[in-house]
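This report refers to the structure that appears directly beneath it.
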Amino acid sequence: MELLVASAVGLLTAAGIYLVLRRRTFPVILGTSLLSYAVNVFLFATGRLATDAPPILNKYAEVTYSDPLPQALVLTAIVISFGMTAVVVMVALGAYLSARDDNINMDDTAPAQGEDA
Amino acid sequence: MSLFLIAALPFLGALFPALLIRAGRNASASSAGLATGLAFIGLMLHAPAILRGEVVKVGIDWLPTLGLSANFFLDGLGFLFATLILGIGLLIIVYARFYLSRQDPMGQFYTYLLLFQGAMVGIVLSDNILLLLIFWELTSLSSFLLIGYWKHLPEGRQGARMALTVTGMGGLAMIGGMLILGNIAGSYDISVILQNKEAIQSSDLYLPALILILIGAFTKSAQFPFHFWLPHAMAAPTPVSAYLHSATMVKAGLFLMARLWPVLAGTPEWFYIVATTGLITMVIGAVIALFKDDLKALLAFSTVSHLGLITMLLGMGTKLAAVVAVFHIINHATFKAALFMSAGIVDHEAHTRDIKRLGGLRHVMPVTFVIATVASLSMAGIPPLNGFLSKEMMLTEVSETNWLQSPYAMSILATIAAVFSAAYSFRLIAHVFLGPKRDDYPAKPHDPGFGMWASPALLVVLVVLIGLFSAKLVGPLVAASASAVIGGEKLPYYSLKLWHGVNAALYMSIIAVVGGLVLLALHRPLERLWNALPRPEAKVMFDAIVRGLTALVQGVTARLHNGSLTRYAAIMVSFTVAISLYAYATGTLGAPTRQMQQAGVMPMVAWFCLAMAAICIVIFHRRRFVALILIGIVGLIVSMSFNYLSAPDLALTQISVEVVTIILMLLALNFLPKETPVETPLFARLRDGGIAIVGGLGVGGLIYAMLVRDFAFPSISGFHIENSYKGGGGTNMVNVILVDFRGFDTFGEIIVLGIAALVIFALTEAVLSTRVRAYLLNRKPDIEQAGDSHPGMMVVVTRMMMPVALMVAAYIFFRGHNLPGGGFIAGLIAAIAVIMQYMASGFGWATERQRFPYHGIIGSGVLIAAATGIGAWFNGQPFLTSAFGYVHIAPLEEFEIATAALFDLGVFLAVVGAVMLALESLSRFAWQPGTASEHAMDINPARDDAEQDMKEA
């Protein structure tokens, strides 16, 4: 099981990095989404893996629980990463509509602006 | 008055002048004067105790783990400086009221001035070096604002930048030195550091600490070779020059040397660095001052020279020299501030301060003439004025000091400085006020009103009185502050009096006065000689250095920061991988301690799907819709895995976030190109692939290594498991952590989420207010559209689903404290319920039925959460402490009421508002006139115009 989770995290990270290194906004956004999955699962897994042990107190029996702390952190991370994705999507969309170009890099031949203030 | 209040009063007072300027200039000035005056009175209430030799202390621990505490103490030295700062500050405030013209924004001026004053008072009262450093930097910043006060003058802006660069750089060096000092002494409290002389002076780090601290002190006090910024700071309005650049701020460096004198002084290093620097500065400043034609520049260089004098005295390291230094600080502040104010009056009335264009002013400005003459004579060291007293004592000290193995070297140089000092003082009187009345002044000069000359006149009265009755008037103050400088040890014998008999100092004084008169007589030929000599121009050198550094920095930036985001990302990933590999290669990794768990068939299948989806995304990412579907699969499997691995809350959150994210991306994809072109050559793709694979292997390997080992240190999770029910009143530990144990985190998170949504809204507004709007309005869909944009079936189903979905949200919300669920998940579900309406019935239809703006929903959520947190205060508990109890109402089972549920309601509202605002903003891009259907369901028998439609048909 550990091997499966670790390799899945690795795979998601690799796919995410590859897409982040593309030149257009949409693949980069997909890449950051994949990286978010990878990071969230990574953080969650730092509490170690457990099956059939949800962190819900059982008043009637002594049972083991999975680690609740990383779960709480990851829960907010999931929601925040939605917020982040939404902002990035918005920036990408605004840029594309304004410039009709979704390339993420500045044109190498154009002089950099805002240096001689 | 508490020292806290004294230190805070200028800062509090800084609020008012800028506001009260609307009520007039007098109101503005009075509010500034009132704050300063109150602080001054508060300080004077401590005078009897301080003069008895007591020390007043107050303090609270601020960040004790960092050694940073808000400790203040008032001893003789601090009292002397605080008196100068507040007393002269008061005079300057009066003077500036009449000096500034109607065009100058006076409110701003007083606010800056009080900020500066507060920072200075903070420096001299601090008992903690970290606190002192904060105030120290504040003085640099407020001085920057004041020098550049006349924003329209380029000299003002350049002078301000130069002052900030030099003193800021010195401040940085000083931070280093102070931290070393604190480390050696084991405490950042000055009173503790002062007890550790042996430890500090025997430490190997003594010299580095000394040099760094001295760089800070020398830059601030304009000591050679950092003296050049001070004359350029003269572009400031004259009240600023008089206050900051003669009486107070430039003396901060002296203060610091005096403050640390007990632990730093007395070593050969201290003597040679400090005394030599002071001596050189004193001579150079005096010589340059004689050849300056600008009245303020002359005074600026004379200030440099006098600061050098005091530095030299402190550098000698003897107790007597320290006494003289303290005495001269008082005297210099009085006559120099008076001189600056007189120079300001001349400038104000004659519209020039070029000495070459002045002369004979005594006929038209008798009052100013008297004030400036008395102050100048004191500066020249003429008895019976106070400048004479301290100069005599200085010369005595010098004549008894060996420097460079010669008993005379220092005396000779000091006498030269004294000669030039007398010369420029005489020149000021002779060339500005004496001589025949001229008829070519730029304006008609005359004495100003009482308000303007009152302040310098008062100071000049002090100059005379201190000269005549020094022992009575300032004797106790000098004694108290000098004994503070030398660390509370017994003061040596000295006497503050005019006549010390015939001694070396008297001869040197006579030489100085006579030499000064000779130099004045020879001024014209000397000036020709001076102008013919080549000499280094500090501003040119400074500008060249700054230009060089700027070019270097721009070169480096342009190289690294070339606008290619892809490149930044690649560098970041590669660098992270490289340092991780380094850590892996050099660190040690223990043996696995955990048993691997057996994976069943289902996890294998899920893993296979996930792997296939991830690989396919990479392969098919150019076809964007396909990639979106694939990423949906990934999200789904991740949610399932959370569920399988005992994290039901995460599973619920992930799956609902998944839904909104995919909708969001679909909305965006509506406008973006549907395909990604092939742009990069194969080798670049292979290289990126290589980076990606190495990165993936690294992350995967890291988590695998963690998963097969136990915690290296005991985890804090046990606490949460144990206290979730006892302390938080809930059985769902994840939810209790979110709303209770780490509620403050969650509070921050919902604020961030709200900000993100508002950013999206603002971006939409910004984009839609440009010509993009016209493009969007006329835009033709680039792919074929479905025939029916609002299918009746879907409309009916979503409307029926809405109450059900909201019910589920309510259920998830309420059970959240004890079972998987809670505000986050419920918020997402409620948002999805509403989004369904937007999708099925159209944007226009849904917007019309939207009663509360989403901004308001976000805001109310944050406010409810905050109010819940504040509620704990009324219970005498810290912010966000939750309370809970159990109630039993007849027909119902016993149930729990917890304040955490109210907090969770805030979370719920913030999430709903944020998600909806984000999606609604995006949808607004698609709006086109005529597309919004008032009646999404075309079969609506209730609608008013149905009949009409039928008739037409």
Side-chain angles (χ1 to χ4, degrees), chain A residues 1-2 4 6-15 17-21 23-24 26-27 30 33 37 41-42 44-46 48-51 53-57 65-69 71-72 74-76 78-80 82-83 85-87 89-90 93-94 96-98 102 104-106 112 115, chain B residues 563-566 569-570 573 596-597 599 603 607 610-611 614 617-618 621 624 627 631 638 645-650 653-654 657 661 664 668 672 676 679 688-689 692-693 695-697 699-700 703-704 707-708 717 720-721 725 731-734 737-738 749 753 756 759-760 763 767 772 824 918:
Chain A
M1 182 73 83
E2 276 78 3
L4 288 185
S7 56
V9 169
L11 206 56
L12 287 175
T13 311
I17 293 176
Y18 181 79
L19 289 181
V20 164
L21 294 179
R23 308 291 192 271
R24 300 283 172 151
F26 196 77
L30 290 181
S33 296
Y37 290 131
V41 175
F42 185 105
F44 162 73
T46 56
R48 309 301 186 262
L49 304 182
T51 48
I56 311 288
L57 275 185
Y65 302 110
S66 62
D67 195 339
L69 196 58
Q71 296 192 16
V74 170
L75 198 152
T76 49
I78 293 172
V79 180
I80 291 288
F82 162 74
T85 308
V87 171
V89 164
M90 197 61 221
L93 186 57
Y96 176 70
L97 289 176
S98 306
D102 63 345
I104 60 164
N105 295 333
M106 286 206 299
E115 279 181 9
Chain B
S564 166
L565 291 177
T566 312
V573 173
M596 281 234 265
Q597 296 174 47
W607 183 90
L610 184 88
I617 290 179
V618 170
H621 77 269
R624 294 179 172 184
I631 211 161
V638 169
L645 294 169
S646 317
D649 283 277
L650 289 189
T653 316
Q654 183 74 61
V657 162
T661 310
L664 179 98
L672 291 171
T676 308
E679 285 174 303
D688 293 347
I693 289 170
L697 279 176
V699 175
I703 190 63
Y704 180 72
L707 284 176
V708 293
S717 298
H720 296 112
I721 296 175
Y725 190 67
T731 54
N732 179 5
M733 296 172 216
V734 175
I737 291 174
L738 283 176
E749 312 253 16
L753 198 62
V759 166
I760 291 171
L763 275 171
V767 170
V772 169
F824 274 113

Pick from [options]: which one has the most heavy-atom pairs with chain B under 4.5 Å?
options	result
Ser98(A), Ala86(A), Ser33(A), Gly83(A)	Ala86(A)
Val79(A), Leu75(A), Val87(A)	Leu75(A)
Thr85(A), Leu30(A), Leu4(A), Val41(A)	Leu4(A)
Arg48(A), Gln71(A), Met90(A)	Arg48(A)
Ile80(A), Val89(A), Val9(A)	Ile80(A)
Pro54(A), Gly10(A), Pro55(A)	Pro55(A)

Residues forming a ring-ring contact (aromatic ring centres under 6.0 Å, His included) with Phe44(A), sequence neighbours excluded: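 With neighbours one apart ignored, the set is Phe642(B).
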
Any side-chain heavy-atom pair of Ile721(B) and Pro68(A) under 4.5 Å: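 Sidechains of Pro68(A) and Ile721(B): in contact.
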
Determine the option with the most heavy-atom pairs under 4.5 angstrom with chain A, choosing from [options].
options	result
Leu650(B), Asn732(B), Leu672(B), Ile737(B)	Leu650(B)
Leu697(B), Ile693(B), Val699(B), Val759(B)	Val699(B)
Asp688(B), Thr676(B), Val657(B), Val618(B)	Asp688(B)
Ile703(B), Asp649(B), Val734(B)	Ile703(B)
Ala918(B), Ala569(B), Ala614(B), Ala647(B)	Ala647(B)
His621(B), Glu679(B), Arg624(B), His720(B)	Arg624(B)

Name the region of [X], side chain, backbone, both or neither, that has any atom closer than 4.5 Å to a heavy atom of chain A.
X	result
Val573(B)	side chain
Phe824(B)	side chain
Val767(B)	side chain

Gln597(B) (side chain) donor-acceptor with Leu49(A) (main chain) under 3.5 angstrom: yes

Whether Ser66(A) side chain and Ser646(B) backbone form a donor-acceptor pair below 3.5 Å: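 Such a contact is found between Ser66(A) side chain and Ser646(B) backbone.
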
Identify the heavy atoms of [X] and [Y] that sit nearest to each other, and give their distance.
X	Y	answer
Ala668(B)	Leu93(A)	O-CD1, 4.0 Å
Tyr704(B)	Ala6(A)	CB-CB, 3.5 Å
Leu21(A)	Thr566(B)	O-CG2, 3.1 Å
Ala8(A)	Trp607(B)	N-NE1, 3.7 Å
Thr13(A)	Gly695(B)	CG2-O, 4.3 Å
Ile17(A)	Ala692(B)	CG2-CA, 3.7 Å

Part of Leu19(A) lying under 4.5 Å from any heavy atom of chain B: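 Contact with chain B is through the side chain of Leu19(A) alone.
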
Tyr18(A) portion near chain B, given a 4.5 angstrom heavy-atom threshold: both

Ser717(B): partners by side chain to side chain donor-acceptor pair (under 3.5 Å), with sequence neighbours left out: Asp67(A), Ser715(B)

Straight-line distance of Ile78(A) CD1 to Thr653(B) OG1, nearest 0.5 Å: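 If we round to the nearest 0.5 Å, Ile78(A):CD1 and Thr653(B):OG1 are 5.5 Å apart.
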
Nearest-0.5 Å distance, CE of residue Met1(A) to CG of residue Leu645(B): 5.5 Å

